[in-house]
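Working notes for the structure below.
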Amino acid sequence: MSITVSLQVNGRNVSETLEPQTLLVDFLRNHLRLTGTHVGCDTSQCGACVVHVDGLAVKSCTLLAAQAHGTQVTTIEGLETEGRLHPVQEAFRSEHGLQCGFCTPGMIMSAVALLRRNPTPTEAQVREGLEGNICRCTGYHNIVKAILTASTHMPAQSAQASRS
Amino acid sequence: MYAFDYQRPDTLQAALAAAAVDDGAFLAGGMTLLPALKMRLSRRSSLVDLSGVKELKGIAVEGDRVRIGAMSRHVEVEDSPLVRKALPGLARLAGGIGDPHVRNRGTIGGSLANSDPAADYPGAVLGLGATITTNRRQIAAADFFKGMFTTALAAGELITQVSFPIPRRCAYVKFRNPASRYAMVGVMVAQFTNEVRVAVTGAGAHVFRLPDFEQALGRAFSPDSVLRLSVSSEGLNEDMHATADYRASLISVIAARAVAAALAG
């Protein structure tokens with residue numbers, strides 16, 4: 001049984017006929033070729049696949065594309081505005097919040113969601129907020145530093161950007 | 001995943017009818033069902049997505065009870081001003097489930113129907129003496145949890161809402177596995193005007209109460225009342241992370257912390 005799934009991805013309307021068992025992450029990567037969203041563990045633990053669905057961070061490896069029907073999805077590719085990096089992306093660059101970079105898209109999507117819920121987090125709140133994201137290189141220190149830096153540089157409208 | 005059909009009905013009646021097929025399953029948040037399907041631990045002919053069913057949504061305070069629709073996501077319970085005011089211990093419990101991404105999807109109904117031995121919500125349901133309403137009947141918390149991943153729910157029976165009595169004070173504290181972050185032991189302590197209830201999750205096949213802890217706290221609601229009480233390790237979970245004896249020892253310590261947290265408000 002194929003089904004038709006229609007949703008908005010990074011502001012663009014898309015509609016595809018899919019098998020119901022298609023995961024959102026596979027739809028994004030294989031059908032739309034938005035390969036910035038990564039599959040790390042594929043068992044709902046690592047958070048490399050985090051995207052926003054109607055403004056909320058979710059693991060796209062644990063969501064059917066069909067469940068996202070009628071929603072607005074934002075991926076890492078949708079964060080920049082007019083060629084300018086999102087303040088969180090910029091902070092990951094300036095603070096070197098990555099080493100191999102594999103977990104980075106999920107880290108950044110989680111960080112954007114975290115700062116939307118709590119625009120001025122403490123270091124402890126940032127660490128707690130990253131519970132659903134695993135990095136095997138950095139030891140997290142520069143990731144936390146990047147998010148704290150971003151929190152001081154983020155204009156209010158950027159925090160809202162991916163919800164709109 | 002094996003192939004399955006998918007439907008997203010928008011009424012309770014349509015959802016029940018759609019699931020009444022061989023191997024049909026209700027899909028709530030999918031935080032357990034989808035990983036199980038992906039690993040082929042489970043195979044279903046049809047998934048009925050409940051996210052569009054209006055009858056399963058909503059949070060309300062009615063008299064001395066908080067009523068939570070089965071499809072309420074953990075983040076909604078965590079953020080609900082009504083729950084935060086009437087039952088702050090429950091809002092905090094919801095805010096500690098899994099991680100932020102899981103809380104954005106997982107639901108109270110799904111968690112209870114799954115009855116994972118390390119899940120947090122069963123602690124609140126038994127510890128507060130909640131009533132679970134299904135499409136067929138009302139089930140008291142004491143009659144709901146039957147075993148590891150086993151509940152009183154019959155095939156085709158669906159949780160529609162959970163009703164929690166509001167205690168004078170309550171708190172849930174868990175000791176997390178350092179890697180998985182699941183509760184190795186989680187304790188809900190609730191003080192009502194006429195009784196104290198203590199429920200333990202994570203330690204056994206399913207959530208259970210501790211009558212001697214409840215009696216001790218009924219005499220004096222203080223951490224010291226339970227800190228030195230011993231718990232039998234018989235029947236407790238044992239795995240690579242903790243022996244049954246270790247879990248038994250943790251129960252007293254975590255129960256005392258839960259009492260302290262309840263007193264702190």
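This is a predicted model, so every value here is computed, not measured. Every chain is numbered from 1 and lettered A, B, ... according to where its sequence line falls, protein lines coming before strand lines.
Proximity to chain A is absent for every atom of B:L37, based on heavy atoms less than 4.5 angstrom apart. Heavy atoms closer than 4.5 Å to chain B are found in both the backbone and the side chain of A:L64. If you measure heavy-atom distances from A:L63 to chain B, the contacts under 4.5 Å come from both the backbone and the side chain. The contact between B:L27 and chain A is made entirely by side chain atoms (from C-beta outward), counting heavy-atom distances below 4.5 Å. Of the two parts of A:V50, only the side chain, counted from C-beta on, holds a non-hydrogen atom closer than 4.5 Å to a non-hydrogen atom of chain B.
Partners of B:A171 by side chain to side chain contact (heavy atoms under 4.5 Å, CB included), not counting sequence neighbours, listed by chain and number: B:A261, B:A262.
The choice from B:A3, B:G30, B:G52 that makes the most heavy-atom pairs within less than 4.5 Å of chain A is B:A3.
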If you check both backbone and side chains, which donor-acceptor pairs between chain A and chain B fall under 3.5 Å?
residue	atom	partner	partner atom	Å
A:D42	O	B:K38	NZ	3.1
A:D42	OD1	B:K38	NZ	2.7
A:A57	O	B:N104	ND2	2.8
A:K59	NZ	B:D99	OD2	2.6
A:C61	O	B:K38	NZ	2.7
A:A66	O	B:Y6	OH	3.4
A:A66	O	B:R8	NH2	2.9
A:Q67	O	B:R8	NH2	3.3
A:H69	O	B:R8	NH2	3.3
A:S110	OG	B:H101	NE2	3.1
A:R117	NH1	B:D79	OD2	2.8
A:R117	NH2	B:E78	OE2	3.4
A:R117	NH2	B:D79	OD1	2.9
A:E131	OE2	B:R176	NH1	3.0
A:E131	OE2	B:R181	NE	3.4
A:N133	OD1	B:H101	NE2	2.9

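Counting heavy-atom neighbours within 6.0 Å of A:H141 NE2, excluding the residue itself, gives a total of 12 or less.
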